[in-house]
Amino acid sequence: MGLTSTKGAPVLNDPAPINKSLLVIHSGLLSCPQSGNTFTNGGLTIPKKKPGKLDDVRSNSWLDAMNASSPPRKKILKDLNGDFPSEDDIAYHAWMVKYPSALSSFELILKRVKNRKIVMFLDYDGTLSPIVDDPDRAFMSADMRSAVKSVAKYVPTAIISGRSRDKVSELVGLSELYYAGSHGMDIMFPVTDDKSMNHLNYSKFTDKQGKEVNLFQPAHEFAPMINEVYKAFAKSTEDIKGIKVENHKFCASVHYRNVDKNSWPVIAQRVHDILKDYPRLRLTYGRKVFEVRPTIDWNKGKAVEFLLETLGLFDSEDVLPIFIGDDRTDEDAFKVLRNGNQGFGILVSSIPKESDAFFSLRDTSEVKKFLKSLVRMKEHEAL
Ligand SMILES: O=P(O)(O)OC[C@H]1O[C@H](O[C@H]2O[C@H](CO)[C@@H](O)[C@H](O)[C@H]2O)[C@H](O)[C@@H](O)[C@@H]1O
């Protein structure tokens, strides 16, 4: 794949040679159908007006999206005397008819598993660790770590996160898992003999345990651009109290969770003004965070397909992939599983929301219970 430069910004100018076995995955790398709310190339479009006016972001619903970008972290409330369910509770239970609890549907899930090989895909923030104010302090509990470790003893297990691969593998701290960072744009997987992996998007790497692994980085050309835009965000928002900007190597995040709401329009405007010079980057929303990434057709769903393919488990009736996640970016993975009719997604949410997942879990503690139930089932099978 060639790289040319326009005003210092790398631009992809021809497609990657296609690895036939991964055709499904690679063929669309240069176009970009989007999921979620997007500000470039579809969905919400960044206005072509001159920057600098708050009207830009207001007229474009940026602020509405910022307000709606994370469910409240409150528990569902019971009526004051505890006897009657609240309206929220009633709405949640009605929603669960469409997205049944993966815990109470465990017997049904077991029936679908039968003799099939489960492959477990897990998101990190909001799934393995609760959402907290400081992204640097989003730790998973020792008990959750031990549940994930036990699952990985029985079934191939991968973490697919929006964070950088290094950061999420450090937070999880289990060497027996597969890791994909930057929303699936940085995938570590076992070394194979496949010669078609001799391409710029692939590289070999020796991990901390001295084991040789492969990396697949479909957006590798974008790393300098992401670094540049990360620095621009950090500089332009340094006067805003509570802001946090992260560089995940192939994507960058601007967190406004801890910023006074009165400053949100300013953040939106500054992010908007910087991004107008980067037409090859797009913006999506996470939970109280703007996420900026390359306009390549790659997401968590593609990462799921890629990992299944490289593990030799793609498109097989004997395989049952399960993806557990809580955020908009996880919907790409839910969709892949739903459309491929191969496995299913489990949405972690304490409030009703539309999803391509099949089942639901209320919070991280229910995720842990579900993982433990799977382990018990596997232990039982092993007897
Ligand atoms: O794909 P994920 O593993 O779910 O990562 C998505 C983003 O997660 C982190 O931000 C979110 O969690 C933080 C810690 O709980 C919270 O403070 C923040 O408001 C959330 O947006 C991470 O910091 C982001 O970079 C990830 O993109």
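Throughout, residue positions are numbered sequentially from 1 according to the sequence presented. Note that the structure is a prediction, hence the values are computed from the model and not measured. Whatever order the structure lists them in is the order used to number ligands and atoms, beginning at 1.
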Parallel, tilted or perpendicular: rings of F106 and F370 (30°, 60°): perpendicular

Residues that P135 engages under side chain to side chain contact (heavy atoms under 4.5 Å, CB included), provided they are two or more places apart: R163, K244, E246, H255

Residues forming a side chain to side chain contact (heavy atoms under 4.5 Å, CB included) with L337, sequence neighbours excluded: V304, P321, F323

Output field: ring centroids Y99/F358 closer than 6.0 Å: no

Identify each donor-acceptor pair in which a side-chain atom of residues 141-148 lies under 3.5 Å from a protein atom, sequence neighbours left out, and give them as a table.
unit_1, atom_1, unit_2, atom_2, d
S141, OG, M144, N, 3.0
D143, OD1, K372, NZ, 3.3
D143, OD2, K368, NZ, 3.2
D143, OD2, K372, NZ, 3.1
R145, NE, V172, O, 2.7
R145, NH2, L171, O, 3.0

Proximal protein residues to ligand 1, non-hydrogen atoms under 4.0 angstrom: D123, Y124, D125, P130, I131, V132, D133, P135, A138, S161, G162, R163, E246, H248, S253, H255, R257, R287, V289, E291, K300

Stepwise side chain to side chain contact (heavy atoms under 4.5 Å, CB included) test for T364 and T127: CA-CA 5 Å; T364 54; T127 299; 5.6 Å; no

